[in-house]
Visitor: 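Pasting a structure below so you can have a look.
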Amino acid sequence: MNACLEAQISGSQWQDRLAVQAFPLKQASPRLHAGNPGMLFESLEQQMVEYCGRQAAIQEELRKHYVLPTDRSVQNFLSQHLSIPALLLEAVPHLKRHFGANAIFSLSAPIDEAGTRTLHAVAIWPGGANDVREALAEFDNDWWMAHARQASGDLVFTYELV
């Protein structure tokens, strides 16, 4: 009988087949951290402090360019959507180029009918509706469409006429 065919036939002769195993029969003990295991957590705590410091600096930079509401809705939103603050800061020169150097931008995070929150970056516009629509369209075509994917649908640029 062919050796290949013989290997395919079931039977009680498994001794020679047990020698080839994908996994060892004995499980090894887990390896512990080479140094002090507490060092891992000390490093983690330091990283958390540094992270909080960076987030506070980003939020302070955002306040230089955007008006934030007095409640914590925007801060809470930004802390839950970590890519958006950097995206907002990156948008500032493009917004100013299209809406004007003296334009005022505000942030709000309203809850829609479905109960989800979306961040609105609003250009406060003292001029006519056609002018602001054109500025927003140019901003969209020049910069926002290429970067919108980074916001995952959680950020909207819009305007408010005053």
Side-chain angles (χ1 to χ4, degrees), residues 21-24 27-162:
Q21 296 178 358
F23 302 100
Q27 183 175 355
S29 298
R31 287 184 243 156
L32 298 176
H33 190 270
N36 180 2
M39 292 296 292
L40 176 67
F41 294 111
E42 288 175 20
S43 173
L44 182 61
E45 288 177 9
Q46 180 61 33
Q47 290 175 29
M48 290 171 60
V49 168
E50 291 171 2
Y51 171 78
C52 288
R54 283 192 306 270
Q55 291 304 314
I58 289 172
Q59 293 242 350
E60 190 58 37
E61 188 67 23
L62 279 175
R63 290 180 202 283
K64 293 178 184 176
H65 303 287
Y66 297 93
V67 177
L68 277 68
T70 56
D71 65 4
R72 298 220 17 102
S73 60
V74 170
Q75 289 92 337
N76 292 341
F77 183 90
L78 295 175
S79 67
Q80 294 170 0
H81 300 83
L82 300 177
S83 65
I84 291 184
L87 193 60
L88 285 168
L89 288 175
E90 190 178 340
V92 169
H94 304 282
L95 288 167
K96 293 207 178 272
R97 183 172 64 238
H98 294 288
F99 290 94
N102 295 324
I104 298 173
F105 303 99
S106 69
L107 297 177
S108 64
I111 299 175
D112 66 12
E113 301 83 29
T116 59
R117 205 176 276 276
T118 302
L119 186 67
H120 292 224
V122 182
I124 309 299
W125 191 259
N130 288 335
D131 295 334
V132 73
R133 284 189 195 122
E134 185 178 318
L136 185 60
E138 289 174 2
F139 168 75
D140 285 349
N141 291 332
D142 251 9
W143 187 80
W144 180 233
M145 289 303 168
H147 296 84
R149 186 173 182 193
Q150 295 173 29
S152 302
D154 294 318
L155 174 61
V156 174
F157 286 95
T158 187
Y159 61 88
E160 181 180 319
L161 298 175
V162 290

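Only heavy atoms go into these numbers, but all of them, side chains included; no hydrogens, no water, no symmetry mates. Positions are given from 1, in the same order as the sequence printed here.
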Visitor: For His98 and Phe139, which heavy atoms make the closest approach, and how far apart are they?
Guide: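 Closest pair (atom of His98, atom of Phe139, distance): CD2-CA, 3.6 Å.
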
Visitor: Are Ser152 and Asp154 close enough that a side-chain donor and a side-chain acceptor fall under 3.5 Å?
Guide: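 Not at all, the side chains of Ser152 and Asp154 share no donor-acceptor pair under 3.5 Å.
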
Visitor: Side chain to side chain contact (heavy atoms under 4.5 Å, CB included) for His94 and Trp144? Distances and angles first, verdict last.
Guide: CA-CA 9 Å; His94 304 282; Trp144 180 233; over 6 Å; no

Visitor: Can you tell me if Asp112 has over 12 outside heavy atoms packed within less than 6.0 Å of its CG?
Guide: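 Yes, CG of Asp112 has more than 12 neighbouring heavy atoms, counting only those of other groups under 6.0 Å.
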
Visitor: CG of Leu89 to NZ of Lys64: how many Å apart, nearest 0.5 Å?
Guide: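 One finds 10.0 Å between CG of Leu89 and NZ of Lys64.
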
Visitor: Check whether any side-chain heavy atom of Phe157 sits under 4.5 Å from a side-chain heavy atom of Leu95, and report yes or no.
Guide: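 Yes, close enough: below the 4.5 Å cut-off.
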
Visitor: Tell me the closest heavy-atom pair linking Ser73 and Ala109, and the distance in Å.
Guide: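 Of all heavy-atom pairs spanning Ser73 and Ala109, the closest is O-CB, 4.0 Å.
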
Visitor: Please report the closest heavy-atom contact between Leu87 and Ala151, naming both atoms and the distance.
Guide: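 Minimum heavy-atom separation between Leu87 and Ala151: CD2-CB, 3.8 Å.
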
Visitor: If you draw a 6.0 Å radius around CD1 in Ile124, do more than 12 non-hydrogen atoms from other residues or ligands fall strictly inside?
Guide: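 Check passes, neighbour count above 12.
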
Visitor: Go through the structure and list residues passing side-chain hydrogen bond (donor to acceptor under 3.5 Å, both in side chains) with Glu50, not counting sequence neighbours.
Guide: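 Here the qualifying residues are Gln46.
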
Visitor: Carefully, step by step, assess Leu62 and Leu78 under the rule side chain to side chain contact (heavy atoms under 4.5 Å, CB included).
Guide: CA-CA 11 Å; Leu62 279 175; Leu78 295 175; 3.6 Å; yes

Visitor: Of the non-hydrogen atoms in Val74 and Ser108, which two are nearest, and what is the gap between them?
Guide: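 Taking every non-hydrogen atom into account, CG2-CA, 3.8 Å.
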
Visitor: Between Asp142 and Arg97, is a side chain to side chain contact (heavy atoms under 4.5 Å, CB included) present by the stated rule, with each step listed?
Guide: CA-CA 10 Å; Asp142 251 9; Arg97 183 172 64 238; 3.6 Å; yes

Visitor: Grab the two heavy atoms, one from Leu136 and one from Tyr159, that are nearest each other, plus how far apart they are.
Guide: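 Between these two residues, the closest heavy atoms are CD2-CD2, 3.8 Å.
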
Visitor: Are Thr118 and Phe77 close enough that some pair of their side-chain heavy atoms sits under 4.5 Å apart?
Guide: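 Side chain of Thr118 against side chain of Phe77, heavy atoms only: no contact under 4.5 Å found.
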
Visitor: With sequence neighbours excluded, tell me which residues meet side chain to side chain contact (heavy atoms under 4.5 Å, CB included) with Ser79.
Guide: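 Side chain to side chain contact (heavy atoms under 4.5 Å, CB included) list for Ser79, sorted by chain: empty.
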
Visitor: Could you tell me which residues satisfy side chain to side chain contact (heavy atoms under 4.5 Å, CB included) with Asp131, sequence neighbours excluded, listed by chain and number?
Guide: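 Side chain to side chain contact (heavy atoms under 4.5 Å, CB included) check on Asp131 returns Trp125.
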
Visitor: Might you point out which heavy atoms bring Leu88 and Ala121 nearest each other, and give the distance in Å?
Guide: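 It is CD2-CB, 4.2 Å.
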
Visitor: Applying side chain to side chain contact (heavy atoms under 4.5 Å, CB included), run through Lys96 and Val92 and close with a yes or a no.
Guide: CA-CA 6 Å; Lys96 293 207 178 272; Val92 169; 4.1 Å; yes

